[in-house]
Amino acid sequence: MVLLALMQANAAVLDVDANCAAVDAAAGKAAAAGARLLLTPELFPVGYAPLRLRAELDPAVLPALRQALADVARRHGIALVYSLPAVTAAGEWHITATLVDEHGDELLSYAKVHLFGPEERQAFVPATASPGVVDFHGISTSLVICYDVEFPEAVRAAAVRGAELLLVPTALAEGFDAVPQVLIRARALENHLTVAYANHSGTEDGCGFLGGSVIAAPDGGLLAAAGTGAELLFAELPEPGGTGHEVAYLADRRPEIYRSWGS
């Protein structure tokens, strides 16, 4: 069995040293508990404040920051998912997530396709690439970010590529309780995969976060759920192919029909 750890915490906006220290501490605790992977929230190393990040964050620091996070994974011998801004050669800012293995080597990256709210849309550009899938200790694993998971098309794109585990760094504000409590579980059930959804807690730059991180099983049940404060969740992932499904949603799809319906 693969033990997954999920970090829910309060970041300090633009205090990279403090945020990376928090990731380092969580990675150490998770590794000591036997976890093979630690999932962290959206933009956690820099804090969630889109307009301030765009105005005040120097992109020149990002390569060193990515290396520091890879070093955390290597030092503790645990794979890590972190989320950071990325700037393309054309100067476009994206919100990204990266999975590095226990040696600090990059396995998978993803850029957010669905931006939420006016601040994200002012600070960042939506990406277009579909979620990739990689093998992680025998489990086909994929990434999306926050608002992406609220669109069935995004999760289904990962599922039809064979994903069995979907890792979702998020920054969900207070007042959206139905997302982790209802929608994440539905995405897991309808796509026969495990969904791990890691949120911020507390307040950052005036935004109050819900907390409420969850790990949902392929049958829609909850493997773990957080409260509103800082917390480190753990869940053993189901064996690949080991979960029976009463309803064959993926096998019974009729994409040729859906195309005729239009979008």
Side-chain angles (χ1 to χ4, degrees), residues 7-28 30-31 37-113 115-129 132 143-148 167-171 198-207 209 230:
M7 175 190 183
Q8 176 172 289
N10 182 216
V13 174
L14 292 169
D15 191 340
V16 170
D17 291 340
N19 297 333
C20 285
V23 173
D24 184 71
L37 170 64
L38 174 65
L39 172 64
T40 66
E42 181 182 14
L43 295 175
F44 187 87
V46 292
Y48 183 84
L51 296 181
R52 284 192 62 192
L53 295 181
R54 185 61 188 267
E56 301 176 39
L57 181 67
D58 182 357
V61 308
L62 292 172
L65 182 50
R66 291 178 179 275
Q67 185 59 56
L69 291 163
D71 290 343
V72 168
R74 185 181 306 109
R75 184 163 57 253
H76 294 291
I78 187 171
L80 176 67
V81 172
Y82 63 81
S83 172
L84 284 173
V87 183
T88 70
E92 294 181 338
W93 285 57
H94 294 299
I95 299 174
T96 69
T98 301
L99 167 63
V100 296
D101 66 15
E102 62 270 26
H103 307 293
D105 296 325
E106 184 176 315
L107 296 180
L108 184 64
S109 64
Y110 172 81
K112 190 173 185 178
V113 171
L115 299 179
F116 181 80
E119 290 195 3
E120 278 195 13
R121 296 186 183 109
Q122 185 175 338
F124 298 101
V125 174
T128 59
L143 292 168
V144 297
I145 300 172
C146 196
Y147 196 34
D148 288 323
L167 302 169
V168 190
T170 193
N199 196 20
H200 294 247
S201 62
T203 300
E204 299 169 28
D205 203 43
C207 179
F209 291 97

### Query
Where the side chain of T96 meets the backbone of L84, is there a donor-acceptor pair that is under 3.5 Å apart?
yes

### Query
With side chains defined as the heavy atoms from C-beta onward, is the minimum distance between V23 and Y82 less than 4.5 Å?
no

### Message
Quick test of your reading: applying salt bridge (charged side-chain N to carboxylate O under 4.0 Å, His left out), list the pairs with at least one residue in residues 94-111, sequence neighbours left out, ordered by first then second residue.
### Response
none

### Query
In Å and rounded to the nearest 0.5 Å, what is the CD to OH distance from E42 to Y147?
13.0 Å

### Message
Just verifying a value: how many Å separate I95 CD1 and I145 CD1, rounded to the nearest 0.5 Å?
### Response
6.5 Å

## Note on the structure
A27 and H76 have their tightest heavy-atom pair at CB-CD2, 3.8 Å

### Message
Test side-chain contact (heavy atoms from CB on, under 4.5 Å) on L80 and L69; report intermediate values, then the result.
### Response
CA-CA 8 Å; L80 176 67; L69 291 163; 4.2 Å; yes

### Query
Are L167 and L108 close enough, and set up right, to give a side-chain contact (heavy atoms from CB on, under 4.5 Å), and what steps lead you there?
CA-CA 11 Å; L167 302 169; L108 184 64; over 6 Å; no

### Task
Compare every heavy atom of A129 with every heavy atom of V113, then report the nearest pair and how far apart it is.
CG2-O, 3.7 Å

### Query
Does L115 offer a backbone N or O that forms a donor-acceptor pair with the side chain of E120 under 3.5 Å?
no

### Message
Nearest 0.5 Å, please: how far is CG in L38 from CD1 in I78?
### Response
5.5 Å

### Exercise: identify the closest heavy-atom pair between A97 and L143
O-CD1, 3.7 Å

### Query
Would a distance-only check, ignoring hydrogens and angles, find a side-chain to backbone donor-acceptor pair under 3.5 Å from S83 to L43?
yes

### Message
If we ignore hydrogens and angles and just use 3.5 Å, is the side chain of H94 paired with the main-chain N or O of K112 as donor and acceptor?
### Response
no

### Query
Counting distance only, does the side-chain N/O of T40 pair as donor-acceptor with the main-chain N or O of V81 below 3.5 Å?
yes

### Query
What distance do L62 atom CG and L57 atom CG have between them, rounded to the nearest 0.5 Å?
5.5 Å

### Task
For P50 and A123, work out which heavy atoms get closest and say how close.
O-CB, 3.4 Å

### Query
Given the rule in the side-chain contact (heavy atoms from CB on, under 4.5 Å) test, do L65 and V46 qualify, once you have shown the distances and angles that lead to the verdict?
CA-CA 10 Å; L65 182 50; V46 292; 3.9 Å; yes

### Query
Taking all atoms of both residues into account, what is the closest heavy-atom pair of D148 and Y110, and its distance?
OD2-OH, 2.9 Å

## Note on the structure
When rounded to the nearest 0.5 Å, the distance separating CD of E56 from CG of L14 is 5.5 Å

### Message
Restricting to non-hydrogen atoms, name the atom on L53 and the atom on G47 that form the minimum distance, rounded to 0.1 Å.
### Response
CD1-O, 3.5 Å

### Donor-acceptor pair, side chain of R54 and main chain of F124, under 3.5 angstrom
no

### Query
S201 versus N10: any side-chain heavy-atom pair under 4.5 Å?
yes

### Query
Please walk me through it: do D205 and L51 pass side-chain contact (heavy atoms from CB on, under 4.5 Å)?
CA-CA 10 Å; D205 203 43; L51 296 181; over 6 Å; no

### Query
Is a side-chain N or O of E204 found less than 3.5 angstrom from the main chain of Y48, in a donor-acceptor match?
yes

### Residue pairs involving residues 63-85 (criterion salt bridge (charged side-chain N to carboxylate O under 4.0 Å, His left out); sequence neighbours excluded)
D24-R75, D71-R74

